Amino acid sequence: MTIYEIAKIAGVSASTVSRVINGKPGVNKETRKRVTEYLEKYHYSPNEAARGLVTGSHKMIGVLISDMRTAHHTDGLAYIQKELASQGYLCLIMNTGHGDEDKASYIQQLSQRRVDAVMLIGSTFESQIVGKAISEYIPRTPVVISNGYIDLPNVYGVIADERNGTVECVKHLASQNRKNLAFILDYETPSNLLKVEGFKFGLQQYINNNEVPRIIKTGPDFQGVYDTTRRLMEEHPETDGIIYSEDPLAASGLRALHEGNYAVPSRVAVIGINNSIIAQITTPTLTSLDNMLLELSMTCVRNLIDVLQGKHVVKKMLIYSHLVEREST
DNA sequence: ACTTACAGACGTGATCCAGA
DNA sequence: TCTGGATCACGTCTGTAAGT
């Protein structure tokens with residue numbers, strides 16, 4: 001049913017129906033009642049595409065995520081989608097993959113879809129190519145980055161303080177008199193590089209044994225992390241503490257340590273990052289850095305809605321993280 | 001035959017204006 | 001003054017007419 005069809009049935013013009021729908025004045029009480037009855041009877045639902053032609057807003061937010069399989073990202077995504085829906089916005093969620101060129105291409109697609117605003121989930125969007133795509137395709141569309149920031153007039157960022165969080169992880173291990181630490185990461189994302197920076201700083205600050213920081217890159221798959229952990233323990237049996245860049249990696253590491261008969265935490269302490277559900281279900285349970293991803297997502301949504309409502313929003317915000325101690329340390 | 005320009009259509013909101 | 005009809009604008013696509 002369109003407003004023309006409702007108008008014809010109700011014996012009025014389309015503009016009168018439009019006034020009734022939008023609660024505008026200038027319609028007789030009896031006419032308004034009659035039109036309202038027909039709108040309800042025929043379950044009238046406005047055509048948002050046509051409405052968008054007039055208002056210039058399709059009440060649609062483009063949400064880009066580099067990898068939908070990343071559990072801690074989808075947790076945040078679920079919250080973001082629900083909160084935006086409660087504000088009347090529809091989320092157009094797109095899985096971009098890790099390549100910068102692909103991300104730029106999706107930003108162009110969002111521009112063609114005329115979205116009201118864009119939300120980028122994850123630090124991997126913090127790149128020159130993405131920044132260039134934003135400048136070229138959506139220079140006037142508000143963009144909020146969850147756990148990242150690009151210095152452009154229309155971009156707002158909310159960042160987890162993972163650098164200092166990782167320093168806290170090292171401090172915690174040092175407090176247990178552990179001196180031979182390793183850091184294992186999968187991708188060299190801006191977020192992971194901040195964690196590495198924090199790891200190096202923590203070593204200088206709290207251990208200071210003049211050794212080269214042991215930072216090991218691995219594949220993101222279970223077997224890759226498993227093998228890396230076993231190799232680390234064989235080549236450096238003195239290792240007494242391992243920090244993994246994500247909880248799933250730490251879970252794979254725990255398995256490798258268990259099967260290699262390296263007792264956790266008495267011989268090796270293990271820390272993950274994200275404080276995801278995984279940290280609570282491993283054996284032993286996993287000490288993990290809570291980088292407040294839910295709080296981060298909530299802040300992103302609040303900022304996005306405030307920007308859309310024309311309110312002042314701080315361009316770059318930092319969310320503090322803290323360590324949640326469990327059995328693995 | 002091909003290219004270019006223009007009009008009309010889509011659904012809705014806003015505005016103008018005529019009639020009661 | 002109130003009510004409601006007519007018209008325009010929005011962005012893009014399609015079809016048609018005109019020109020080369």
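The figures here come from the full heavy-atom set of this structure, side chains too, leaving out hydrogens, waters and symmetry mates. Each chain gets a letter, A, B and so on, in the order its sequence line appears, and its residues count up from 1. This structure is a prediction, so every number in the text was calculated from the model and none was measured.
In the hydrophobic clustering (ILVMFWY side chains linked at under 4.5 Å, chained through shared members), A/Y226 is joined by A/F222. Under a 4.5 Å side-chain heavy-atom cut-off, the cluster of Ile, Leu, Val, Met, Phe, Trp and Tyr residues that includes A/I107 is completed by A/M60, A/L64, A/L90, A/L92, A/M94, A/Y106, A/L110, A/V115, A/V118, A/L120, A/F125, A/V130, A/I134, A/Y137, A/I138, A/V143, A/I145, A/I150, A/L152, A/V155. Cluster partners of A/V212, using a side-chain heavy-atom cutoff of under 4.5 Å among ILVMFWY residues and allowing indirect links: none.
Think of the region where chain A sits on DNA chain B: with heavy atoms and a 4.0 Å cut, that region ends 5' and 3' at B/dG11 to B/dC16.
Considering only residues two or more places apart in sequence or on other chains, A/E238 meets the side-chain contact (heavy atoms from CB on, under 4.5 Å) condition with A/N180, A/R214, A/H236. The side-chain contact (heavy atoms from CB on, under 4.5 Å) search around A/K82 returns none, not counting sequence neighbours. The ring-ring contact (aromatic ring centres under 6.0 Å, His included) search around A/Y42 returns none, not counting sequence neighbours.
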Give the table of side-chain donor-acceptor pairs shorter than 3.5 Å for residues 195-206 of chain A, with sequence neighbours excluded, one pair per line with atom names and distance.
residue, atom, partner, partner atom, Å
A/K195, NZ, A/N192, OD1, 3.0
A/K195, NZ, A/S245, O, 2.9
A/E197, OE2, A/R163, NE, 3.1

Show me the donor-acceptor pairs within less than 3.5 Å that the side chains of residues 320-329 of chain A make with the rest of the protein, sequence neighbours left out.
residue, atom, partner, partner atom, Å
A/S321, OG, A/D161, O, 2.9
A/R326, NH1, A/N275, OD1, 3.0
A/R326, NH1, A/L286, O, 2.8
A/R326, NH2, A/N275, OD1, 2.9
A/E327, OE1, A/T285, N, 2.9
A/E327, OE1, A/T285, OG1, 3.3
A/S328, OG, A/V270, O, 2.6
A/S328, OG, A/T287, N, 2.8
A/T329, OG1, A/H172, NE2, 3.0
A/T329, OG1, A/T287, OG1, 2.8

Name every donor-acceptor pair, under 3.5 Å, that has one atom in a side chain of residues 262-269 of chain A and the other anywhere in the protein, sequence neighbours excluded.
residue, atom, partner, partner atom, Å
A/R267, NH2, A/P237, O, 2.9

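A salt bridge does not link A/E37 with A/K41: every distance from a Lys NZ or Arg NE/NH1/NH2 to an Asp or Glu carboxylate oxygen is 4.0 Å or more.
Each end of the helix from B/dA1-C/dT20 to B/dA20-C/dT1 gets its own rotation axis from five pairs of C1' atoms, and the angle between them is 50° to the nearest 10 degrees.
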Original post:
Which letter, B, S or -, goes with each nucleotide of nucleotides 3-8 of chain C from 5' to 3', with contact meaning a protein heavy atom under 4.0 Å?
Top reply: SBBB--
